[in-house]
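Structure first, commentary second.
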Amino acid sequence: MAEYTKDEIKNIEKKWQDEWERSQLYHVEIDPTKPKYYVLDMFPYPSGAGLHVGHPLGYIASDIVARYKRLKGFNVLHPMGFDSFGLPAEQYAIQTGQHPAVTTAKNIETYKRQLRQIGFSFDWAREVQTSDPDFYKWTQWIFMQLFNAWYNKDIGEGGAAESIDTLIQMFEQNGNQKVNAVCDEDAISFTATEWKACDEKGKENILQKYRIAYLSETMVNWCAALGTVLSNDEVKDGVSERGGHPVERLKMWQWSMRISAYAERLLKGLNTIDWPEPVKEMQRNWIGKSVGCELDFKVADFDETIKVFTTRIDTIYGVTFMVLAPEHELVNKITTEAQREEVEKYIDVAKNRSERERMSEVKRVSGIFTGAYVINPFNNERVPIWIADYVLAGYGTGAVMAVPSSDTRDYAFAKHFSLSIIDVLEGSNSDITKDNFDPKSGTMINSGSLNGMLWSDAIEKALDKVEELGIGKRKINYRIRDAIFGRQRYWGEPFPVYYKDGLPHLVDEDDLPITLPEIDEYKPTESGEPPLARAKGWSYNHKGAAHPFELTTMPGWAGSSWYWFRYMDPKNEDAFCSKEAESYWQDVDLYIGGSEHATGHLLYSRFWCKALKDLGFVKEEEPFKKMINQGHIQGVSAFAYGFGVGVKVENPEAITQAIKSGAKLLKKHIIPKQSFDRAVKGEYDSLVKKIIDARLADLGAYGLQVSLNKELTTFLPFNIDVDFVNPTTNELDISEFEKSHRYFGLGIDEIVLDENNKYICGREVEKMSKSKYNIVNPDDIVSNYGADTLRMYEMFLGPLELSKPWNTNGIDGVYKFLRKFWNLFHDSTGTFIVSDAEATKEELKALHKTIRKVEDDISKFSFNTSVSEFMICVNELMALKCNKQSILEPLVVVLSPYAPHITEELWEKLGHSNSVHFATFPKFEEKYLIESSFEYPISINGKVRAKMNFALDMPNDDIEKLVVASEIVQKWSEGKEPKKVIVVPGRIVNVVL
RNA sequence: GCCUUGGUGGUGGAAUUGGUAGACACGCAGGACUUAAAAUCCUGUGGUCAGAAAUGGCCGUGCGGGUUCAAGUCCCGCCCGAGGUACCA
């Protein structure tokens, strides 16, 4: 038996997976004689649901590239690991008491088993797990380096991080007068003498304002339901990304990372890397650079100035009012007595509006006049000062010069409070009586010395004037905030930090790793302290005294911000990565993963990489040279439609008795979709009416006087496990469903069938997720069709970057292809046969066409088209009945990145003693593709009129072709001389008569 | 609103970047093999009009214009979907 049947596939795939593991085939070591290639997948979080068909999509693509590059002679680093710290394991631990390490280890086992059976060429000897103390030892170590570093803007082009010792030295010599650092806004200036006069605590408080990893009292996103703070990218629309719990703003002492220091380098670096444009764009927006100026407006009748930030200084003659954030420090001082009461009332209301309310009421205009005025320094006009909550205290200076003629928010505000509007731009085909102006075009009017200038030139001119008047300077603002680095959780890296006299200190390097202590419960304590406070006797012994450890842990992104370096040298106990390994493997050549990490992981990783470079630990400025985002495979959810009849009981005193005798007040039904849809609109059809009547009659029988209560009547669609639903007819398998946990969990009492005695589910495309019960597990596909079919099918589905719903409609086509390919080598009895006859030109052509196309497609990551090309090739060879070794052998090699198991088996049958892994990718030869003659259409005035043959031996020269073409056309067009003959080499000829 | 992407048969999707649109696959229809079914193989398959047929004409890449001998591809103006983001001055 040697047919490519389902049983045989299992044997073949198992045989080769065992063999690869036995021989450690995909293990790599540094090899200076070969060029390196580093292909990396974003490592998964090992969730309890196991791998679903969406996961392997990117892994298959990267595996194809890895295998292809190996055949091309590269030394390929292709590792896999697990981002194993995370919230779900911790929440599971809180519920069940199971240690997160245990759940995590179990989940990793499942993931590895599933990954193994798809036949990836990962070097498992290099596996990393972020929750492994041998790994997080180095996460802690890197934290220590960042704690001991500050950002010196005077080094190199954009500044760089360096050791905190150099800063201390500078303080001792000159105080902070000459220090040009990125630091907290509230850092005050001091002299060397003042520095020396500080005690240890005073010095440390100053240093915290400079360290890259630092402790500060900041506004954080506090999520009470999760009992922890969240970073900005973990908050979506005012609720937590995981779980959707409300998030509030609180001031807390927190560890942060000074990523803002790297804003400019993070922005500039984007131009040097080959990433998808949307991701770059997201990072640019997140960094949010705006170039403009800061300038002072004098407050009339006060000895005060108000500093504003603007990017449109050219529109300064259009300023008709000024707006302060409610929290602005001068509000209290400048408010006139007449306005004071109202202003205070407004500020009070604004304070109590939560972040979420403010977001949902974006369009609401509110504000209050302070009674004070500022003087416009360009024309000395008096401009009223208002307060409004659309101005944010945290961005820029918390004050805005409002130009209603070129800013929509200012415009809405001016209209609402009937403030004046002065147009300063002309020719921008806009209309300031309406909200449709375009401030980025036109020339200046009503603008004194700026009149007649283009708006962009006017900016430069006005900037010069601001600096000349000494009222302000050019300034660049960034939106990016420092990243909060601490979490009030158990399942994360502990900080290598202890406290002595209330000051944070680093532990000795020799004492790393600081491992997670055992605790009896994983919840925060009753007093609201993080779970680590439960650890008994957990303290740091230093010079004979015990000191408390930091109780928060690092966030989920800590381990993933440097893990690609660890793969280079995963077992090293003396360094996170040896110099030798780092200088050989350098950076990631190809990174594949989802775009959802654009403003999280991908930004933090670039930040840490730059910091590590500044501190001299690595050489590369950017970690991921090229990236592609794989699209998500969406799940097709199945829905059933719940219906609960609400009743009004007229004699409540009878309820207790009724329940005792077995009445059930609430019953949950599942009803057909049509009835449900109508019922939601308030049209109860006969089926629904029947259920209602039956309910009322049923309860009536227990002595209750009941009537229908429409308000308590509920209609609710809910997800059904897709495994219980027929994929083509959408029919629910009721007997299977009734046995499931889901059925009992929902507490369904009755399933009402439709007129055909079936229950047909509704369908919707959604994200594939456990909570939507729409996960398709690759195990079933692998056991039905084999891993090679799964791999090729996932590639065949469409372009890698595209999101698409999972369906198995075309999977038979791919399976048939593999069988046909197999059958090329076998006769009808299943005997392996190849011929050693010489290949014909036609056969060589089929082969070389495929080689070229596949190479081309892999370099463009267009795997779907190369799968098509394989199918075409095999169809051609089948038609030619070609089973010649000289054709099939190279074809096996070309196919092997896509379908490694079947090709490995055939390779062995072809008589090779080693793996196809060691083969060389066949060289493409153009000579076989050149046709003996080409037929080109000739069009005359745009219409195809004739076909023309070009002979192969004709000189490849335009003029020659032109002569031939014009001769033919002349003959054809009844002697008319063509006006113009257009010849594109190797393409189309067109003639204008 | 803004930014980024897309829009091609019944379906997933091709189209060498301006050169015969619809490759390849699914589905569907017809045929062969079979007692029958499954499996397999062959043929057809964008729409429409003419023809008994081979075949030929016209229309067709979200909509409306434009550039060009030639537009799915380039330019201008709209419509719709997906993802991101939002009082960032």
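Chain identifiers are assigned alphabetically (A, B, ...) following the order of the sequence lines, protein sequences preceding nucleic acid strands; residue numbering begins at 1 within each chain.
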Item to complete: Return yes if a side-chain donor-acceptor contact under 3.5 Å exists between D788(A) and Y815(A), otherwise no.
Response: no
Discussion item. If you take the centroid of each ring, where Trp contributes its six-membered ring, are Y793(A) and W806(A) closer together than 6.0 Å?
Written reply: yes
Discussion item. Between K804(A) and E794(A), does any NZ, NE, NH1 or NH2 come within less than 4.0 Å of an OD or OE carboxylate oxygen?
Written reply: no
Worksheet, complete the sentence: L267(A) atom CG is separated from C3(B) atom P, nearest whole Å, by 18 Å
Discussion item. Would you measure the distance from the C1' atom in U5(B) across to the matching atom in C59(B) and give it in whole Å?
Written reply: 30 Å
Fill in: Out of A14(B), C3(B), C41(B), whichever nucleotide has its closest atom nearest the side chain of K820(A)
C41(B)
Worksheet item: What distance, rounded to whole Å, do you find between the two P atoms, one in G44(B) and one in U55(B)?
Response: 11 Å
Discussion item. Counting only side-chain nitrogens and oxygens, does R819(A) get under 4.0 Å of the OP1 or OP2 atom of A39(B)?
Written reply: no
Item to complete: May I ask you to say what F817(A) touches in the nucleic acid, namely base, sugar-phosphate or nothing, with a heavy-atom cut-off under 4.0 Å?
Response: nothing
Worksheet item: Which nucleotide sits closest to the side chain of V400(A): A89(B), G13(B), A23(B)?
Response: A89(B)
Worksheet item: Would you say F796(A) and F863(A) make side-chain contact, with heavy atoms under 4.5 Å?
Response: no
Response to the item:
Here the distance between atom P of G27(B) and atom CD1 of I811(A), to the nearest Å, is 12 Å
Worksheet, complete the sentence: Comparing K860(A) with S290(A), nearest RNA chain B nucleotide closer to 5' gives the residue K860(A)
Fill in: Value in whole Å for how far the P atom of A25(B) lies from OH of Y898(A)
16 Å
Item to complete: Check every atom of A89(B), A25(B), C88(B) against the side chain of M871(A) and return the nucleotide holding the closest atom.
Response: A25(B)
Worksheet item: Do N271(A) and K280(A) have a side chain donor and acceptor closer than 3.5 Å?
Response: no
Worksheet entry | Residue mapping more 5' on RNA chain B - nearest nucleotide basis, G398(A) or E277(A) | E277(A)
Discussion item. Which nucleotide, if any, forms a Watson-Crick or G-U wobble pair with A39(B), using both distances under 3.5 Å?
Written reply: none
Worksheet item: Just by distance, with hydrogens left out, do Y317(A) and N376(A) show a side-chain donor and acceptor under 3.5 Å apart?
Response: no
Worksheet item: Which is true for P276(A) with a 4.0 Å heavy-atom rule: it touches a base, it touches only sugar-phosphate, or it touches nothing?
Response: nothing
Worksheet entry | Cation-pi check, R606(A) onto W275(A) ring (under 6.0 Å, within 45° of axis) | yes
Discussion item. I want to verify a distance call: between C87(B), G12(B), C88(B), whose nearest atom is closest to the R481(A) side chain?
Written reply: C88(B)
Worksheet item: If you measure from the C1' atom in G22(B) to the same atom in A14(B), how many Å do you get, rounded?
Response: 8 Å
Item to complete: State the pairing partner of U34(B); accept Watson-Crick or G-U wobble contacts with both distances under 3.5 Å, and report none otherwise.
Response: none
Worksheet item: Rounding to a whole Å, what distance do you find between Y815(A):OH and A39(B):P?
Response: 12 Å
Worksheet item: With respect to the side chain of E281(A), which nucleotide from A14(B), C24(B), C3(B) is positioned closest?
Response: C3(B)
Item to complete: Report the distance from atom CD1 of I628(A) to atom P of U4(B), rounded to the nearest whole Å.
Response: 22 Å
Worksheet item: Think N629(A) has a side-chain N or O under 4.0 angstrom from the OP1 or OP2 of G83(B)?
Response: no
Practice prompt. State whether N864(A) places a side-chain N or O below 4.0 Å from either non-bridging phosphate oxygen (OP1 or OP2) of A14(B).
Written response: yes
Discussion item. In this structure, is the centre-to-centre distance between the rings of F870(A) and F821(A) below 6.0 Å?
Written reply: no
Practice prompt. Name the pairing partner of G6(B), where a pair is Watson-Crick or G-U wobble with both distances under 3.5 Å, or state none.
Written response: C80(B)
Practice prompt. Please give the nucleotide sitting opposite G56(B) as a Watson-Crick or G-U wobble pair, both distances under 3.5 Å, or none.
Written response: C49(B)
Worksheet item: Is the backbone N or O of S420(A) less than 3.5 Å from a side-chain atom of T320(A), with the two atoms forming a donor-acceptor pair by type?
Response: yes
Discussion item. Looking only at the side chain of Y395(A) (C-beta and beyond, no hydrogens), which of the listed nucleotides G12(B), A25(B), C88(B) gets closest?
Written reply: C88(B)
Fill in: N-glycosidic conformation, U17(B) - syn within 90 degrees of 0, else anti
syn
Practice prompt. Give K816(A) one of three labels, base, sugar-phosphate or nothing, depending on what nucleic acid heavy atoms sit under 4.0 Å from its own.
Written response: sugar-phosphate
Fill in: Sugar-phosphate only, base, or nothing, as touched by N875(A) at under 4.0 Å among non-hydrogen atoms
sugar-phosphate
Practice prompt. Select one nucleotide: of A89(B), C41(B), C3(B), the one nearest the side-chain heavy atoms of V391(A).
Written response: A89(B)
Item to complete: Provide the distance between the two P atoms, one in C79(B) and one in G18(B), to the nearest whole Å.
Response: 28 Å
Worksheet item: How long is the line joining OH of Y793(A) and C1' of A25(B), in whole Å?
Response: 9 Å
Discussion item. In whole Å, measure the gap between the P atoms of A38(B) and C28(B) for me.
Written reply: 11 Å
Worksheet item: Just how far, in rounded Å, is P of C2(B) from CZ of R284(A)?
Response: 20 Å
Fill in: Selection from C3(B), C26(B), C88(B) that lies nearest to any side-chain heavy atom of N809(A)
C26(B)
Worksheet item: OP1 or OP2 of G13(B) sitting under 4.0 Å from any side-chain N/O of K804(A)?
Response: no
Practice prompt. Please work out whether G46(B) sits syn or anti, treating a glycosidic angle within 90° of 0 as syn.
Written response: anti
Discussion item. What is the distance, to the nearest angstrom, from the CG atom on L392(A) to the P atom on A86(B)?
Written reply: 12 Å
Practice prompt. Could you measure between the two C1' atoms, the one in G12(B) and the one in U16(B), and give it in whole Å?
Written response: 22 Å
Fill in: Whole-Å C1' distance, C26(B) and C74(B)
34 Å
Worksheet item: In the structure shown, which nucleotide is the Watson-Crick or G-U wobble counterpart of C24(B), with both distances under 3.5 Å?
Response: G12(B)
Fill in: Proximity to the side chain of F309(A) - top-ranked nucleotide from A89(B), G84(B), C88(B)
A89(B)
Practice prompt. Sticking with atom C1', work out how far G56(B) lies from C41(B), rounded to a whole angstrom.
Written response: 33 Å
